[in-house]
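In each ligand, atom 1 is the first atom listed, and ligand 1 is the first ligand listed.
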Amino acid sequence: MTKERAVLAYSGGLDTSVMIKWLIEMKDVEVIAMVGDVGQKRQDLDYIRQKAIDIGAIDCLVVDMREEFVNDFLTKALAANALYENKYPLVSALSRPLLAKHLVQTAAEYNANFVVHGCTGKGNDQVRFEVGATTLNPDLKVLAPVRDWDLLTREQEMDWAAAHGVPVPTTAAEPYSIDDNVWGRTIECGILEDPWVEPPEDIYELTQSPDMGPDLPQYVVVGFQAGVPCSLDGEPMSFYDIIMRLNEIGGLHGYGRIDMLENRLVGLKSREIYETPGALALIEAHKALEDMTLERDLLHYKLSVEHTWAIQVYYGQWYSPLKQALDAFIASTQPAVTGEVRLKFHKGTCLTVGRRSDYSLYDYGLATYGEQDSFDRSASKGFIDIYGLSVKTWARQQRKLGL
Ligand code: ARG
């Protein structure tokens with residue numbers, strides 16, 4: 001009889017390595033491992049691939065998802081100026097639905113009826129993988145071994161691994177839980193679980209401490225075409241390369257650290273540290289260009305759409321009809337978001353200090369208090385009389401009521 005097959009989102013770490021063996025032994029399935037490259041810190045992908053095969057996977061695919069991540073996910077996130085709870089640029093929340101999509105595709109190619117992830121039972125990522133995968137294919141079954149197995153401590157897991165021929169890491173366990181991709185880096189657990197404790201300096205990799213930043217500020221001009229970053233200091237560059245470069249520049253100036261207590265979907269608050277210099281700088285610049293190119297009421301309305309968009313994506317609803325409809329609205333706002341923004345990095349800050357666009361709605365004549373003033377002030381009086389009429393009438397009534 002042929003065995004059932006499972007496609008596993010594989011990272012090469014201890015959990016998902018043990019998982020390959022565990023699935024084979026405890027679930028009696030054939031395992032196809034899948035590693036997604038979303039711009040995380042360089043790993044030896046050949047080594048990871050071989051490791052999966054050595055443990056017993058029938059195949060291990062290493063998929064370069066960087067272009068797709070930027071084009072289909074980060075472009076939409078930037079257009080939405082996406083910040084969960086006004087702070088977190090959704091680093092992990094953006095990569096999970098992409099990984100889920102590839103799990104589903106690989107499952108179809110290999111005739112597998114299970115997809116598997118290594119998330120714990122109290123985070124957001126489990127929701128994003130599962131809701132993402134089952135929205136794309138409602139017939140798929142999902143396995144989440146970490147939620148089920150009784151290898152509670154790392155020692156138990158290492159013992160199980162050693163007893164079953166799974167290579168055991170020789171280095172000490174990382175005291176933090178870390179996830180990263182081109183949009184940034186997330187750090188949680190360990191000492192950070194005490195919300196009063198200042199994060200130790202050694203948790204940071206992308207950013208140096210703001211007070212260690214250069215004494216002189218650095219200026220960078222970011223170019224946008226229809227909402228998508230397309231150049232740096234006038235030189236055409238891919239969105240991916242622009243993020244990488246701004247990660248470097250922002251990181252050098254100590255910009256892009258976030259220390260927040262956030263509300264997880266499963267109902268608990270958790271303390272999270274992020275380093276996202278490139279993402280935050282691009283959102284800053286993108287907003288500045290929208291301030292110049294979007295009509296007032298559209299801009300105001302878009303703010304509420306952005307808020308809902310970020311919550312949907314954080315909650316694992318990347319493929320939901322609401323999120324898709326919001327994307328369509330947001331996309332319709334972007335054609336005029338073309339132009340350049342000048343950013344100034346210095347000692348932990350990134351400020352917009354200039355913006356220009358061929359589609360600017362900023363009218364010098366209307367704005368200036370100088371000689372070229374073209375604003376018709378005489379129209380203001382009548383406008384204010386009528387605009388304020390309703391509340392003025394109400395105020396008289398309140399007075400009658402003695403309120
Ligand atoms: N709290 C963040 C989020 O929910 C980061 C999650 C990081 N994931 C991880 N497995 N370490 O998006």
Side-chain angles (χ1 to χ4, degrees), residues 8-19 34-41 43 69 73-74 76-77 80 82-100 103 115-133 142 144-147 154 157 173-195 199 203-207 256-277 279-280 283 307 309-319 323:
L8 164 70
Y10 185 56
S11 73
L14 178 65
D15 280 349
T16 50
S17 295
V18 166
M19 212 165 282
M34 191 202 75
V35 187
D37 181 358
V38 282
Q40 63 269 48
K41 193 171 142 188
Q43 296 164 315
F69 189 44
F73 290 74
L74 301 186
K76 289 184 176 126
L83 294 173
Y84 179 64
E85 295 182 341
N86 271 331
K87 292 198 187 102
Y88 164 48
L90 297 168
V91 178
S92 310
L94 291 164
S95 71
R96 299 309 187 248
L98 173 59
L99 291 164
L103 285 177
V115 293
V116 193
H117 64 74
C119 307
T120 68
K122 60 194 272 188
N124 298 309
D125 290 331
Q126 53 173 345
V127 184
R128 297 167 183 153
F129 269 118
E130 297 186 30
V131 174
V142 184
V146 174
R147 252 181 356 218
R154 190 175 158 91
E157 202 178 340
E174 176 69 69
Y176 307 103
S177 166
I178 290 167
D179 184 42
D180 72 322
N181 61 54
V182 65
W183 208 228
R185 187 163 171 271
T186 79
I187 311 130
E188 55 194 341
C189 301
I191 186 78
L192 304 171
E193 285 173 357
D194 180 344
I203 66 166
Y204 297 107
E205 271 188 14
L206 296 179
T207 56
R257 294 181 176 184
I258 303 164
D259 176 343
M260 76 185 278
L261 205 69
E262 86 192 19
N263 289 288
R264 285 195 192 163
L265 175 56
V266 294
L268 56 95
K269 288 188 191 290
S270 74
R271 204 277 187 90
E272 313 269 335
I273 309 296
Y274 302 110
E275 321 182 74
T276 60
L280 289 184
I283 292 171
H307 180 66
W309 194 96
I311 292 176
Q312 280 276 303
V313 172
Y314 186 88
Y315 284 6
Q317 297 285 3
W318 181 269
Y319 299 106
K323 149 72 177 46

Check: Distance only, no hydrogens: is a donor on one side chain within 3.5 Å (strictly under) of an acceptor on the other, for Tyr274 and Glu262?
Finding: yes
Notebook entry, point to check: Going by distance alone, is a donor N or O of one side chain under 3.5 Å from an acceptor N or O of the other, for Ser92 and Asp179?
Noted result: yes
Note to self: Would you say Glu85 and Tyr314 are linked by a side-chain donor-acceptor pair, where the criterion is simply a distance under 3.5 Å?
What the structure shows: no
Margin query: Using the side-chain hydrogen bond (donor to acceptor under 3.5 Å, both in side chains) criterion, which residues pair with Gln43? Sequence neighbours excluded.
Written below: none
Extract all N/O-N/O pairs under 3.5 Å that connect ligand 1 to the protein, and present each with both atom names and the distance rounded to 0.1 Å.
residue	atom	partner	partner atom	Å
ligand 1	1 (N)	Glu262	OE2	2.7
ligand 1	1 (N)	Glu272	OE1	2.9
ligand 1	1 (N)	Glu272	OE2	3.4
ligand 1	1 (N)	Tyr274	OH	3.2
ligand 1	4 (O)	Asn124	ND2	2.7
ligand 1	4 (O)	Arg128	NH1	3.2
ligand 1	4 (O)	Arg128	NH2	3.0
ligand 1	8 (N)	Asp125	OD2	2.8
ligand 1	10 (N)	Asp125	OD2	3.1
ligand 1	11 (N)	Ser177	OG	3.0
ligand 1	11 (N)	Glu188	OE2	3.1
ligand 1	12 (O)	Tyr88	OH	2.6
ligand 1	12 (O)	Arg128	NH1	2.8
ligand 1	12 (O)	Arg128	NH2	3.1

Check: Among all residues two or more places apart in sequence or in another chain, which pass the salt bridge (Lys or Arg N to Asp or Glu O under 4.0 Å) test with Asp125?
Finding: Arg96, Arg128
Note to self: Test of understanding: with salt bridge (Lys or Arg N to Asp or Glu O under 4.0 Å), list the residues that count as partners of Lys76, not counting sequence neighbours.
What the structure shows: none
